[in-house]
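These numbers come from a predicted model, not from an experiment. By convention in this document, chain letters (A, B, ...) are assigned in the order of the sequence lines, proteins followed by strands, and residues within each chain are numbered from 1.
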There are 2 protein chains.
Amino acid sequence: MKISAKGEYGLRAMAILALEYHTGPVPLREIAKREEISHQFLEQIFISLRHAGLINSVRGAKGGYTLAKAPAKIKVGDIIRVLEGPIAPVDCVAKNAEAACSRSTFCLTKGIWQRLRDSMTEVLDDITLADVIKKSDSEPGGK
Amino acid sequence: MKISAKGEYGLRAMAILALEYHTGPVPLREIAKREEISHQFLEQIFISLRHAGLINSVRGAKGGYTLAKAPAKIKVGDIIRVLEGPIAPVDCVAKNAEAACSRSTFCLTKGIWQRLRDSMTEVLDDITLADVIKKSDSEPGGK
DNA sequence: TTTAATCCTGAGTAAATTACTCGGCTTTCA
DNA sequence: TGAAAGCCGAGTAATTTACTCAGGATTAAA
């Protein structure tokens with residue numbers, strides 16, 4: 001039940017971009033240094049995030065990355081879904097639900113995983129990057 | 001963010017034991033067949049569950065396994081913790097919390113993982129095996 | 001116009017984890 | 001006594017993770 005380094009690093013890096021949202025593009029190398037993450041690994045993570053439309057890049061000298069939208073418009077769940085795949089403790093309850101298993105009609109445990117998925121989704125989609133940089137306890141405004 | 005086969009199989013097997021709670025020990029081979037799980041793999045899982053005190057075993061012919069407590073006394077969270085380790089999306093927010101990371105005082109993301117951990121724990125500790133075998137949607141009595 | 005900074009990308013890889021299997025011992029009922 | 005069951009340590013193939021490597025493309029500034 002752990003998230004991987006990819007999701008953890010990616011979220012931390014996105015928080016930095018949120019902090020620097022009004023100060024122009026931040027080079028990846030700077031983020032990597034600040035967060036003590038391998039910059040080559042972070043590069044791969046950023047490519048995924050860019051392909052997903054969560055960040056923009058500026059190439060060349062003085063280049064770097066910026067959030068594609070305001071921090072308040074980016075949910076933690078958006079980031080996690082890009083880097084970790086669908087939020088679901090087992091494949092058979094993923095929202096796209098390819099993996100309809102043959103025992104699903106009588107499976108006693110499916111309901112558990114659905115409830116768990118829903119509560120995880122609720123938390124992750126309730127927190128935006130604006131919340132993340134606001135206070136240390138990441139409590140969103142509406143709570 | 002997936003649980004492993006160990007946790008998934010273990011929970012399904014425990015649900016069977018809950019169904020058969022009043023009919024004497026159930027042999028592992030029968031559960032394995034019913035749930036289409038490798039019986040040798042399930043054996044390992046059951047050893048963990050027994051060491052954790054969640055099930056009892058009866059050796060010899062006509063032997064098998066039984067729940068160590070009534071289904072209503074066993075929480076899904078108890079089972080998951082035995083088979084998957086502490087419920088925590090990252091090590092640094094595990095309840096025993098060995099892994100206090102050096103950046104924890106200023107980490108922007110720690111609060112997210114704490115909230116996620118709490119909501120996962122709440123769901124898993126709110127559902128007992130009695131709930132699991134009661135209805136298909138696993139809703140506990142109090143909801 | 002060169003140079004340095006930066007992003008972009010595919011390929012490779014060591015280590016760890018997962019999901020098992022193997023083999024053999026021990027206990028108990030009939 | 002023999003079959004049915006649990007007990008358990010060791011091994012292993014496949015997969016995933018967490019990276020590294022090597023080099024190309026783009027742009028600002030000197």
Side-chain angles (χ1 to χ4, degrees), chain A residues 1-13 16-17 20 23-68 80 82-85 89-91, chain B residues 1-13 16-17 20 23-68 80 82-85 89-91:
Chain A
M1 282 308 249
K2 297 279 184 294
I3 67 149
S4 69
K6 216 169 142 184
E8 200 191 322
Y9 294 170
L11 187 56
R12 266 159 58 188
I16 302 289
L17 289 187
E20 307 292 337
T23 65
V26 186
L28 182 143
R29 198 173 291 268
E30 194 182 308
I31 300 171
K33 196 172 180 185
R34 205 154 139 180
E35 289 294 321
E36 295 170 278
I37 297 167
S38 145
H39 98 273
Q40 290 188 115
F41 189 31
L42 197 55
E43 215 159 48
Q44 294 196 335
I45 294 169
F46 271 34
I47 284 170
S48 300
L49 292 169
R50 188 174 62 86
H51 286 159
L54 295 180
I55 57 179
N56 293 324
S57 65
V58 179
R59 300 182 72 167
K62 298 277 171 184
Y65 292 93
T66 52
L67 294 185
I80 296 300
V82 168
L83 299 175
E84 301 280 322
V90 294
D91 285 332
Chain B
M1 283 307 248
K2 297 279 184 294
I3 66 148
S4 70
K6 218 167 140 185
E8 200 192 321
Y9 295 169
L11 187 55
R12 267 158 58 189
I16 302 289
L17 289 187
E20 309 290 340
T23 66
V26 186
L28 183 142
R29 199 173 291 268
E30 194 182 306
I31 300 171
K33 197 174 179 185
R34 205 155 138 181
E35 290 292 321
E36 296 170 277
I37 297 167
S38 145
H39 98 272
Q40 291 189 116
F41 189 31
L42 197 55
E43 212 159 50
Q44 293 196 336
I45 294 169
F46 270 35
I47 285 171
S48 300
L49 291 169
R50 187 176 62 87
H51 286 157
L54 295 180
I55 57 179
N56 292 325
S57 64
V58 180
R59 300 183 72 166
K62 299 278 171 183
Y65 292 92
T66 52
L67 294 184
I80 295 301
V82 168
L83 299 175
E84 301 279 323
V90 293
D91 285 331

Should [X] and [Y] count as side-chain neighbours, where that means a heavy-atom distance under 4.5 Å?
X: B:Gln44; Y: B:Ile47; value: no
X: B:Phe46; Y: B:Leu17; value: yes
X: B:Ile55; Y: B:Tyr65; value: yes

- Task: Tell me which nucleotide among D:dT20, C:dC20, C:dC7 gets nearest to the side chain of B:Phe41.
- Result: C:dC20
- Task: Using atom types as modelled and distance alone, determine if a side-chain donor or acceptor of B:Glu84 lies under 3.5 Å from a backbone N or O of B:Ser4.
- Result: yes
- Contact class for B:His51 vs. all strands (heavy atom < 4.0 Å): base, sugar-phosphate, or nothing? sugar-phosphate
- Task: Looking at every strand, decide which applies to A:Tyr65 at a 4.0 Å heavy-atom threshold: base, sugar-phosphate, or nothing.
- Result: sugar-phosphate
- Query: Hey, what do you get for NE2 (B:His39) to NZ (B:Lys33), rounding to the nearest 0.5 Å?
  - Reply: 12.5 Å
- Look up atom CG in B:Leu54 and atom CG in B:Leu49, then write down how far apart they are to the nearest 0.5 Å. 6.0 Å
Please give, in whole Å, the distance from [N] [atom2] to [X] [atom1]?
X: B:Glu30; N: D:dA4; atom1: CD; atom2: P; result: 14 Å
X: A:Leu83; N: D:dT17; atom1: CG; atom2: P; result: 12 Å
X: B:Phe46; N: D:dG9; atom1: CZ; atom2: C1'; result: 20 Å
X: B:Arg50; N: D:dA5; atom1: CZ; atom2: P; result: 17 Å
X: B:Lys6; N: C:dT17; atom1: NZ; atom2: P; result: 12 Å
X: B:Ile47; N: C:dT26; atom1: CD1; atom2: C1'; result: 13 Å
X: B:Ile45; N: D:dG6; atom1: CD1; atom2: P; result: 14 Å
X: B:Asn56; N: D:dA5; atom1: CG; atom2: C1'; result: 16 Å

Would you indicate, yes or no, if [N] has its OP1 or OP2 atom less than 4.0 angstrom from a side-chain nitrogen or oxygen of [X]?
X: A:Ser38; N: D:dT20; result: yes
X: A:Ser4; N: D:dA18; result: yes
X: B:Arg29; N: D:dA3; result: no

- Message: Across nucleotides 21-30 of chain D, 5' to 3', mark each nucleotide with B, S or - according to how protein heavy atoms within less than 4.0 Å reach it.
- Response: B--BBBBS--
- May I ask you to say whether A:Glu36 pairs ionically with A:Arg12, meaning some side-chain N is under 4.0 Å from a carboxylate O? no
